J.: 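Here you go, one structure.
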Amino acid sequence: MIEKEIDPTRVPKHVAVIMDGNGRWATRQGLNRIEGHIQGYKTLRRIVEDASNLGVEVLTTYTFSTENWTRPKEEVDALMKLIVQAARAEIADMQELGVRLMVSGRIEELPDATREELLQDIEATKGNTKMILNLAINYGGRREIVDAARKIARRVAAGDFKPEDIDEHLFSQYLYSPELPDPDLLIRTANEMRISNFLLWEIAYSEIYVTKKLWPEFTKEDLIEAIIDYQGRTRKFGAVVEEKS
Ligand code: FPP
């Protein structure tokens with residue numbers, strides 16, 4: 001019923017999600033943190049399908065940050081293993097749903113098994129057009145900007161263009177996923193009012209929605225609520241927009 005309230009002509013094209021609260025969810029259930037990540041993965045499976053059905057074109061999820069390496073080895077290993085298992089298990093469903101997998105982050109630094117499984121899925125799904133699932137893995141917003149600066153510096157050093165040629169458009173072409181539009185809506189679960197080094201460049205004008213729900217509890221209804229909230233915002237992009245009287 002609530003679904004009717006979404007204006008289908010104004011669905012955010014790109015939704016980015018900080019999937020926070022797996023650990024807290026597990027602790028509250030008397031489970032270990034890894035169980036929380038497994039439950040978080042189940043939520044992600046549901047939300048990929050729901051987002052696609054609602055007309056979202058790109059879903060970017062913060063799956064493993066550059067800071068996450070500092071977690072206990074057992075948790076890091078479990079997350080890497082979970083990513084491998086998920087990539088293997090979800091390929092058939094991604095093909096059926098028409099979902100194309102992409103990864104933003106320093107993929108070359110991932111353990112071989114994780115990287116290879118992801119690369120296989122990226123290749124196998126590259127023709128899918130219904131929705132892009134962009135997993136931010138070994139991703140850090142500052143590192144992404146530094147990596148772009150390095151690539152640009154190399155081009156300048158090679159004489160391909162001059163420092164004066166660097167503008168926002170050119171710079172953005174050297175980020176991890178230049179083909180994706182900037183997120184319209186950024187959702188963060190677990191009630192944290194932080195950006196946590198996620199998509200620092202790309203969220204310049206994204207609308208932010210924070211929910212108290214922990215990621216493992218996040219449902220289709222919560223996604224719909226976030227989209228309805230987004231549709232009630234006036235996006236100004238720094239300009240003056242007349243309020244309707
Ligand atoms: C944040 O919760 C979540 C993560 C750091 C990992 C996100 C991973 C998943 C949702 C599952 C894996 C996904 C795939 C594609 C296999 P937290 O651990 O920081 O929670 P806390 O703040 O309550 O401790």
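For ligands, and for the atoms within them, numbers begin at 1 and follow the listed sequence. Predicted, not measured: the structure shown is a model, and the values here were computed from it.
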J.: Have Asp184 and His14 got a donor and an acceptor in their side chains that come within less than 3.5 Å?
T.: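 Asp184 vs His14: no donor-acceptor pair found between side chains.
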J.: Less than 4.5 Å apart, side chain to side chain, heavy atoms only: is that true for Ile152 and Ile166?
T.: yes
J.: Taking side-chain hydrogen bond (donor to acceptor under 3.5 Å, both in side chains) as the definition, give me every residue that meets it alongside Glu202, ordered by chain and number, with sequence neighbours left out.
T.: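 Not a single residue meets the side-chain hydrogen bond (donor to acceptor under 3.5 Å, both in side chains) criterion with Glu202.
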J.: Given a heavy-atom cut-off of 4.0 Å, could you list the residues near ligand 1 in chain and number order?
T.: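 Residues Met19, Asp20, Gly21, Asn22, Gly23, Arg24, Arg33, His37, Gly40, Tyr41, Leu44, Thr63, Asn68, Arg71, Leu82, Ile83, Ala86, Trp215 each place a heavy atom under 4.0 Å from ligand 1, listed by chain and number.
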J.: I want to check something: taking the side chain as every heavy atom from C-beta on, are Arg142 and Asn197 in contact at a cut-off of under 4.5 Å?
T.: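 Yes - at least one pair of side-chain heavy atoms lies under 4.5 Å apart.
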J.: Do Leu223 and Ile187 come within less than 4.5 Å of each other through their side chains, counting heavy atoms only?
T.: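 Leu223 vs Ile187: side chains touch.
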J.: When you check the gap from the basic side-chain N to the acidic O, do Arg88 and Glu117 get nearer than 4.0 Å?
T.: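 Yes, Arg88 and Glu117 are salt-bridged.
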